[in-house]
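One structure below.
Note on naming: letters A, B, ... go to the chains in the order of the sequence lines (proteins, then strands), and numbering restarts at 1 for each one.
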Amino acid sequence: MTHGTWGKMKGTRGMEEYTIRISRFNPEVDDDPTLKEYTVPHVDQGSVIAALTYVYEEIDSTLLFSYGCRYKLCGKCAIKINGQPGLACETTLEDRMTLEPLDNLPVIRDLAVDRSGLLEPLRKYDLVYSADHEPEVALQPPEFSQLMRCNECLSCLSNCPAYKEEIDYGGPFFGVKLAELYYDIRDGKKQLSHLESFLDQCIQCRQCDVNCPWDVNFSEISSKIKGEVFKHKGVSVRDWLMSRPHLVGHLVSSVSSFFNSLVKKKSVRKIIDVLLRIDERAPFPEYHPGKALSREAIERTTKRKVAYFVGCFDRFNDPDTAKSSLFVLEENGVEATAFDPGCCGAPFIGLGDLESARNRAVAVSGELEKLINQGYDIVASCTTCGAVMKCEYPLLFNQLKEEGARTRIFNLGDYLWQMHEAGELNTRYQEIKRRVGYQSPCHLRSQKIGTPFVDLLRLIPGLEVVATFDKCCGMAGTMGFKKERYELSQRVGTPLIDEIRGEKLDLILSDCASCQMKIENDAKVNSIHPIAMIRQAMQ
Amino acid sequence: MTKEFDFDVIVIGAGGAGCAAAITAARNGTSVALVSKEGIGMGNTRMSGGEMSSSGVVDGDSAEVLKQDMMRGGEYLSNEHLVDIIARNASSAIRFVQGLGHFFRRDEQGRFSGKAASRLGGHSFPRSFGGLAASIARALRNAVANTRSISVFEDTLITTLLREGDEIRGALGVDLKTSECVVLKAKATVLATGGCGWLYYPQTTNNRTATGEGYAIAFEAGVQLVDMEMVQFFPFAMNHPPHLAGTLLDEPILAGPKGKLINGLGEVIADHDINKMTRAQVTALMAQEISAGRTTEWGGLKLDLSGNLDVPEMLEFKRVKDEVNFFEKVRIAYGEKAFNWKDPWDVSPSSHYMMGGVKIDPHGHPSMKNLYAIGEAAGGAMGANRLGSTSIADIFVTGIEAGKEMSTWIKEREKGKISNSLISREVEKIEKLFGQKGPKRPIRLKRELQKLMRENVGIVRDGERLSGALSQIDRMEEEVENALSVSSIRRYNTEFLDTVELKNMLTCARMIATCALERKESRGAHLRLDYPDKDDDHWLKNIIIQKKEGKMETSFSEIEISEI
């Protein structure tokens, strides 16, 4: 969580000295880590390792930090740099950098974490290669080379919200080790059963990819493996339904008011809990009549044309968000059309039903390409739909092959902010005197585009974004509804809920419906899409 | 509080050699303690180039030819028996590594054939197989974790070999996370501690942990060492920016058939077939220019690779390296044009490998009972210069051999006792190092020593500077005893670690300088300005160094050459 704004860290060449903060912590004598300030000389292209070495040599040689090869071979030097895991050897030092140890691992002292606990999962899950002979011909699949890039820096473990040392899960690190064996064409065992237990704990939030120095893209592999496991298992009625929100939406929307009042009853939730194994404590979406939202664009004189993607949640649960999005775009002179090609396929990917997901990807990509060729930029207000179209369609399903196509798909916040940077955004906003928080969804963070809605909201006079939250809410799309996954969902999401409660705000803005539902249900704080605030400021 | 443990075998060092020995011994039913200063597989094996020599895969090649190449590359200073063992067993060592799960790069059809092998400098045939070094380290670590009778001691620094009479009966170390002493008693102790390249920081390709523990503790226990003057300086390493200085670029093969070496005055020093030369030959070429001051502003030479842009094998070489981002740091430090071979690379030699080490017989036995030395910790096989890819072969061959051999006698042998007074004496020495109140922090003295080594015991040596270095080492050893400031932190005391490493580095430095002063000729990696020629008449012999009555003494051993 961050307070206030650090803005973007700009390079500060030309300065003589830098001031940096290093976390100092000896668990034997200190209750908590403290950030101590040190002044180090600026060296052209100087790395963080060089700065730490300087501090060690010149100021304090009790500072403990790990390093080995000094350039990106060994994985030993990963630490949190300005809150994000990274390799100290390849990161250039900047003024006012904050250096802390990785999260989720026991700290020996200062910046060094204890890796010795990682030997246990290797033993427990029998993570050792076995082949009775070396085959004469062995052509490894591309996934193998991709996995081999991992140098075990543990940045992924630092980011993983499901990994906690005291539970029986080795996190993405363990997943990569399993997958290395699984995809090794020579290995005899084909660890599918261990992979299943791994996937039980992986919530597919994709945070492991965000700071991987070698672009292992483990979440892509995780999705593929989930697909393998799915093929061997049957699918329950619940999972069949939950992966088809467009279909369910159609079924429910015709009786939406009745349905909404029914599921508010505790007794009904109990029945659903027992019959369908949807946890009675979990949130439940509200349904709307599901009127079609697709429509043609009203011609404008500006050069911008946007095709707004109507997501399932837009259509059946929260049409206000779609309407607000279109309103804001049109008030900014954009020729906006809305299209509804059906579900983007995210729930299928989450379930592992990659075959159904592929069908969706092909169908939706066809529409996207048509629109892009007609000169439209594609905008989605849901960060998951946006991420799936931009990243999963090309990576998992080989769609949108043209480089140009992928760069024309935007998240709403990102698109509006880029308009602002081009001087094209109408920012004559009315004052809204309010203190709010913003929850950054996992699928936004996995795209590494920052938090554009926070930047936009800061343009509204009187509006104070008091805190930006960036922990996983634990819903992981549909996972948090499922009875057998509820405990994991809570374990992951409780730190965020506690943080939000601690801030004592009455409104949290987030561009992910699952985050909104979870926050309302568990933190008991109102949560809506940030575009609603921008619309309000424009009326 | 001191903890005591009993094992059949202790292996000190968990790189390729140590892990191979531990795994092999454990598979034969031996109980093994595998001790590592940091983590398993986190040392130099992990950051190496990953190339491993086979005994021969191409028509015409054989173990015999490899042996001849190594003997010639070692400039005939090598122990022929040791070379023979490596050459004969290299191919089965490759199978061992594959059996652990490491995947060597294969040819386009997916075959493990001669087409996938490279021909490195000094080798008569293509026989070196490539792959990711980190993958070897991972495979070792996974195998160690899953071998039941190996007990792992990570973040444990061994400070002393425990000797009773003429036998080594175990080792004393410190668990760095708690600063508690650990006594490991065993019937056999294996030194697999690697080299001492960190002595030359930052002008080294090595990892931070390469501070020569094994050489120093062996010396203190009275064990013989050999060839300690033979420090290999890898010719092509980076020299700027400062935090990348010393880091490895690639073998002489990088220069291809048409690469050129150009000195600081723009003169071309060599313009063809640098790729066929051994590391020592290229370093010697560069050393001449460097010692005469004809260098670039960064103290190195320029390597112009542009001539290879129309050589198909070199373009393939570049493609394979770029696939794994091998030269990413070149792009960042030297620029895009340099990355694409259009601009030359600024290169300087960097301390890389210690050919010398603990003197062993063909079974890996040093001059003291119940001790083994394997891999880089052992000396004699590589003579005056090591060929590329032979170290990875060596660590596995010698590790497996030691593991096998120990298993043949370990169960029958009785364990020797270690007296409590020996243990308490050694523990007290360690305890005394904490909380010292002198004026100088150990890292400062370490840096002084490293500067001394770079400037006086480096690529090019002479009698005056070597003697001067020895006096400075005297002075530094006194400061270590009397003038250091060390904190009292118990939870991983970095200043304590610096102090122990510094002591070991000083012992190694003294051995290197003493032997370098002794050898009055130039051969392989040992270059003397005052004795620039090779002198086979007088110097076809190894220098042995040993602690006798508290003093460092040298002696000689004539080379026995059979049919060369």
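For A:D60, the part lying under 4.5 angstrom from a heavy atom of chain B is the backbone only. Only the side chain of A:N26 has a heavy atom closer than 4.5 Å to any heavy atom of chain B. In this structure, chain B has a heavy atom under 4.5 Å from the side chain of A:T53, while its backbone stays farther away. With a 4.5 Å cut-off on non-hydrogen atoms, A:Y56 touches chain B through its backbone and its side chain both. For A:E120, no part lies under 4.5 angstrom from a heavy atom of chain B. In this structure, no portion of A:D132 lies under 4.5 Å from any heavy atom of chain B. There is no contact between A:A131 and chain B, counting heavy-atom distances below 4.5 Å. Neither the backbone nor the side chain of A:I49 comes within contact range of chain B, judged by heavy atoms closer than 4.5 Å.
Residues B:M47 and A:K72 have side chains not in contact (no heavy-atom distance under 4.5 Å, counting atoms from C-beta outward). Taking 4.5 Å as the limit, every side-chain heavy atom of B:H102 sits out of range of all side-chain heavy atoms of A:Y129. For the pair A:E136/B:F112, no side-chain contact is recorded, criterion being any heavy-atom separation below 4.5 Å from C-beta on.
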Next on the checklist: Could you walk me through whether B:R46 and A:E152 satisfy the salt bridge (Lys or Arg N to Asp or Glu O under 4.0 Å) test, starting with their C-alpha distance in whole Å, then the side-chain angles of each, then the deciding distance to 0.1 Å, before giving a yes or no?
Outcome noted: CA-CA 11 Å; B:R46 190 184 190 82; A:E152 308 185 325; 3.0 Å; yes

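Residues of residues 138-151 of chain B lying under 4.5 angstrom from chain A, judged on non-hydrogen atoms, are B:R138, B:R141, B:N142, B:A143, B:A145, B:N146, B:R148 by number.
With hydrogens and angles left out, the side-chain atoms of B:E495 and A:S61 include a donor and acceptor closer than 3.5 Å.
Salt-bridge annotation for A:E57 and B:R447: present, with a side-chain N of the basic residue lying under 4.0 Å from a carboxylate O of the acidic one.
Residue with the most contacts toward chain A among B:Q98, B:E38, B:R490: B:Q98 (heavy-atom pairs, distance under 4.5 Å).
Each of B:R95, B:R111, B:R106 was checked for a salt bridge (charged side-chain N to carboxylate O under 4.0 Å, His left out) with A:E134, and the lone residue meeting it is B:R106.
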